[in-house]
There are 2 protein chains.
Amino acid sequence: MNTAVEAVVPPPGPGPGSAFLLAQIGAHAAGRFAERIGALDLTPPQTGLLRAVAAAPGQSQQALASVLGTPPSRLVALVDQLDERGLVERRRNPADRRLHALYLTSAGEELLRRIADVGREHDDAICAALDDGERATLRALLARIADEQGLTPGVHPGYRHV
Amino acid sequence: MNTAVEAVVPPPGPGPGSAFLLAQIGAHAAGRFAERIGALDLTPPQTGLLRAVAAAPGQSQQALASVLGTPPSRLVALVDQLDERGLVERRRNPADRRLHALYLTSAGEELLRRIADVGREHDDAICAALDDGERATLRALLARIADEQGLTPGVHPGYRHV
DNA sequence: GTCAAATCATTACAAGCTAGAACGATTCTC
DNA sequence: GAGAATCGTTCTAGCTTGTAATGATTTGAC
């Protein structure tokens, strides 16, 4: 778990601003999610890669690196780890033998289903303070912020290793 | 700026869950805030320390480390940087000369006012998609989540260096 | 009243992670 | 067919961070 000094006591006055609360809760949510998938022996980056492969099977590592915003050299080690565990596999493209197209194995698909379960549990735990209507309201507000801020749906910068 | 692989394509179905949106937007907000205070030659940890000192002047470094959740050895370098720039000062406690009580200088207080301005601008930019009523709704929902999740008001784990 | 244990700040050290450049293999372009 | 470009990989250097040892000072026990 990551521990570091950070912004403290936001703009004094009417309590913390929305941006501070978003950063605080966002970091908390990411940390808790990392704990949960840690029970599946996965790190957040590994989970992100699994999901990206599932969303678009057959992509090259270069393309994935571009989408995920990570240097290609980092993907190599990540793919190695998942490959060794039999979750993804590299297939050489016969048409262009430079490329390694990535696919999920059946074990990878099975694990991804469990990740989805964990994600729902996580979501429910984070929003425990809110009823269904309030959760819908929150989701709508957040979606509008994410859209206006130009955030790529489904991608966000990573936090830390586990 | 930090770039790393992360969770992608959250629980398929009715779009991303709230927890994912929170993590995504939170990381984005933290990154943008880091950029803004970077214009003042400050990193997020430095800003956090300045605010913590302002909130409770005269604290020992040990006490601050405990509040901020950082190892004391890290605080030393942090305080050094701020001390060299004349923003905080260490005063030996005459009653217990082991302790270094920390205080803001007038320059530190002046800078803190500018940080507060930056914080307000930042908050406004992040919530640009929402009108005043919606911002109040969002703030209220977030505050309830933060409270229910047991988050210490004004403190959150740090992201990264600038 | 003195000596051992505890506390605080600091320094030294080691380990981990990351980004970027350099490197073979392969393919595209002219 | 030759040179430039692309892809995956490896290597390396830099940085950040946490833990452990150090020195000064205080507290508590006897």
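In this text, all values refer to a predicted model and were calculated from it rather than measured experimentally. Each chain gets a letter, A, B and so on, in the order its sequence line appears, and its residues count up from 1.
Of the possible donor and acceptor atoms, one in the side chain of A:Gln149 sits under 3.5 Å from a partner among the backbone N and O of B:Ala125. Side chain of B:Arg92 to main chain of B:Arg97: a donor-acceptor pair is present (N/O by atom type, distance under 3.5 Å, no hydrogens or angles). Side chain of A:Asp83 to main chain of A:Glu89: no donor-acceptor pair is present (N/O by atom type, distance under 3.5 Å, no hydrogens or angles).
Salt bridge present: A:Asp124 and A:Arg135 bring a charged side-chain N and a carboxylate O closer than 4.0 Å. The pair B:Arg144-B:Asp147 does not count as a salt bridge, with every side-chain nitrogen at least 4.0 angstrom from each carboxylate oxygen.
Rounding to whole angstrom units, CG of residue B:Leu102 and C1' of C:dC8 are separated by 12 Å. Per the geometry, CG belonging to B:Leu75 stands 15 Å off C1' belonging to D:dT16, to the nearest Å. Here C:dG16 presents its P atom at 16 Å from CZ of A:Arg74, a figure rounded to the nearest Å. The CG-C1' distance, from B:Leu78 to D:dT16, rounds to 12 Å in whole Å. Atom P of nucleotide D:dC7 and atom CG of A:Leu64 are separated by 12 Å, given to the nearest angstrom. Following rounding to the nearest Å, B:Leu99 (CG) and C:dT7 (P) show an atom-to-atom distance of 12 Å. Nucleotide D:dG8 holds its P atom 5 Å from the CD atom of A:Gln62, rounded to whole Å. Going from atom NE2 of B:His100 over to atom P of D:dT26 covers 12 Å, rounded to whole Å.
Residues A:Leu50 and A:Val118 fall within the same hydrophobic cluster, defined by Ile, Leu, Val, Met, Phe, Trp and Tyr side chains chained together at heavy-atom separations under 4.5 Å. Linking Ile, Leu, Val, Met, Phe, Trp and Tyr whenever their side-chain heavy atoms come within less than 4.5 Å puts A:Leu138 and B:Leu130 in one cluster. Under the 4.5 Å side-chain heavy-atom criterion for Ile, Leu, Val, Met, Phe, Trp and Tyr, A:Val67 and A:Leu99 are members of distinct hydrophobic clusters.
In the helix from C:dG1-D:dC30 to C:dC30-D:dG1, the rotation axis of the first five pairs and that of the last five pairs differ in direction by 10°, rounded to 10 degrees.
With hydrogens and angles left out, the side chain of B:Ser73 and the base of D:dT19 share a donor-acceptor pair within 3.5 Å.
Between A:Gln61 and the phosphate of D:dC7, there is no side-chain N or O to OP1/OP2 separation shorter than 4.0 Å. A close approach under 4.0 Å does occur between a side-chain nitrogen or oxygen of B:Arg90 and OP1 or OP2 of C:dT10.
Checked options B:Arg114, B:Arg113, B:Arg120; the residue passing with B:Asp117 is B:Arg120 (criterion: salt bridge (Lys or Arg N to Asp or Glu O under 4.0 Å)).
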Show the distances under 3.5 angstrom between N or O atoms of the protein and N or O atoms of nucleotides 22-30 of chain C.
unit_1: C:dT27; atom_1: OP1; unit_2: A:Arg97; atom_2: N; d: 3.1

